[in-house]
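In what follows, a single structure is set out as structure tokens and then discussed.
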Amino acid sequence: MQLAQKIIIADDHPLFRTAMQQAVKQLVPDVTIEQAESLPELQLVVEQHADADLILLDLQMPGAHGYSGLVFLRSHYPEIPVIVVSACEDPAIMCQALDHQASGYIAKSSSLEDISVAIRQVLEGDLYLPEVARRHQHQPNQNALDLAERLASLTPQQFRVLTMMAEGMLNKQIAYDLDVSEATIKAHVTAIFRKLGVRTRTQAVIAVQSLDIERPDTQIASAQH
């Protein structure tokens, strides 16, 4: 088997990116690694490296709302497999990642051996789920999948605009950051509304935020009460 030559690591924690980079290089010594620490940065990196062999994706980077980054990648770069790498160890979340067309799921607490197995398995064209998720009785959420399909219809620029809207930015601010006219942003917003089947900015933001997952620290706090 010829292993990958280019892997993108997308995570907002520098220490974890370094650890994952070391793990990848042990498996693929001559690999080229590109990195991103936010969803907007990842979009740019993937545009420049669309020939990547694998993306290791954190679900909770700045600019991302749960599965939104995964939905974007699978819709615009379906040829690049994506392994979700997350601190969340909920089997339902792991299964939902595969519902949204991830090729695998790695918990950040995984051993180096398990990480290597997951990466190798996905590079060979298979799917990878931790044992705890394989034992989980899972029923796909059809509403979430329908929303993901609508989000997948957005162009990369429309997706950027929606992401910035979800961060609370106004059209004027978005136009400035993207270096386009405000009229262009308004046209994108109109197209976003149409594709998502919503009528207002608030409804559009609620739609993308519905893909959020509960943060691990929130889960721990809930378990303690």
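These figures come from a predicted structure and were not determined experimentally. Only heavy atoms go into these numbers, but all of them, side chains included; no hydrogens, no water, no symmetry mates.
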Donor-acceptor contact below 3.5 Å, side chain [X] vs main chain [Y]:
X: H76; Y: L154; value: yes
X: R74; Y: I80; value: yes
X: D53; Y: Q5; value: yes
X: T18; Y: P14; value: yes

Report the distance from atom [atom1] of [X] to atom [atom2] of [Y], rounding to the nearest 0.5 Å.
X: Q173; Y: I185; atom1: CD; atom2: CD1; result: 11.5 Å
X: E167; Y: M164; atom1: CD; atom2: CE; result: 9.0 Å
X: D58; Y: F16; atom1: CG; atom2: CZ; result: 7.5 Å
X: R150; Y: L196; atom1: CZ; atom2: CG; result: 6.5 Å
X: H49; Y: L44; atom1: NE2; atom2: CG; result: 10.5 Å
X: I83; Y: I106; atom1: CD1; atom2: CD1; result: 4.5 Å

| query | In this structure, are over 12 heavy atoms from other groups packed under 6.0 Å from E113 atom CD? | reply | no
Do [X] and [Y] touch side chain to side chain, with heavy atoms closer than 4.5 Å?
X: I115; Y: M20; value: yes
X: I206; Y: V198; value: no
X: H188; Y: Q158; value: yes
X: L57; Y: L70; value: yes
X: L151; Y: L211; value: yes
X: L56; Y: V24; value: yes
X: L147; Y: Y67; value: no

What are the two closest heavy atoms between [X] and [Y], and how far apart are they?
X: A148; Y: V71; answer: O-CG1, 3.5 Å
X: S68; Y: F159; answer: O-CZ, 3.2 Å
X: A152; Y: S75; answer: CB-CB, 3.4 Å
X: K6; Y: V31; answer: N-CG2, 4.1 Å
X: T163; Y: G63; answer: CG2-O, 2.9 Å
X: A166; Y: Q209; answer: O-NE2, 3.8 Å

| request: Begin from the C-alpha positions of Y176 and E182 and carry the test side chain to side chain contact (heavy atoms under 4.5 Å, CB included) through to its verdict. | output: CA-CA 8 Å; Y176 178 82; E182 192 170 348; over 6 Å; no
| field | Electrostatic pair R17:E41 at N-O distance under 4.0 angstrom | value | no
| request: Please report the C-alpha distance between E34 and Q48 in whole Å, then the side-chain angles of each, then the deciding distance to 0.1 Å, and finally whether the side-chain hydrogen bond (donor to acceptor under 3.5 Å, both in side chains) criterion is met. | output: CA-CA 10 Å; E34 303 295 336; Q48 296 166 2; over 6 Å; no
| field | Option among I7, V28, I8 that satisfies the side chain to side chain contact (heavy atoms under 4.5 Å, CB included) test with L54 | value | I7
| said: For I93 and S86: C-alpha separation, side-chain torsions, deciding distance, then whether side chain to side chain contact (heavy atoms under 4.5 Å, CB included) applies. | reply: CA-CA 10 Å; I93 299 298; S86 175; 5.8 Å; no
| task | Go through the steps to decide whether V117 and R120 satisfy the test side chain to side chain contact (heavy atoms under 4.5 Å, CB included), and finish with yes or no. | result | CA-CA 5 Å; V117 168; R120 182 180 293 275; 6.0 Å; no
| request: Verify side chain to side chain contact (heavy atoms under 4.5 Å, CB included) between L178 and T184, making sure each step is shown before the conclusion. | output: CA-CA 10 Å; L178 297 182; T184 297; over 6 Å; no
| Are M94 and L127 connected in a single hydrophobic cluster, I mean Ile/Leu/Val/Met/Phe/Trp/Tyr linked by side-chain heavy atoms less than 4.5 Å apart? | yes
| Any chain of hydrophobic side-chain contacts (each under 4.5 Å) joining Y105 to V132? | yes
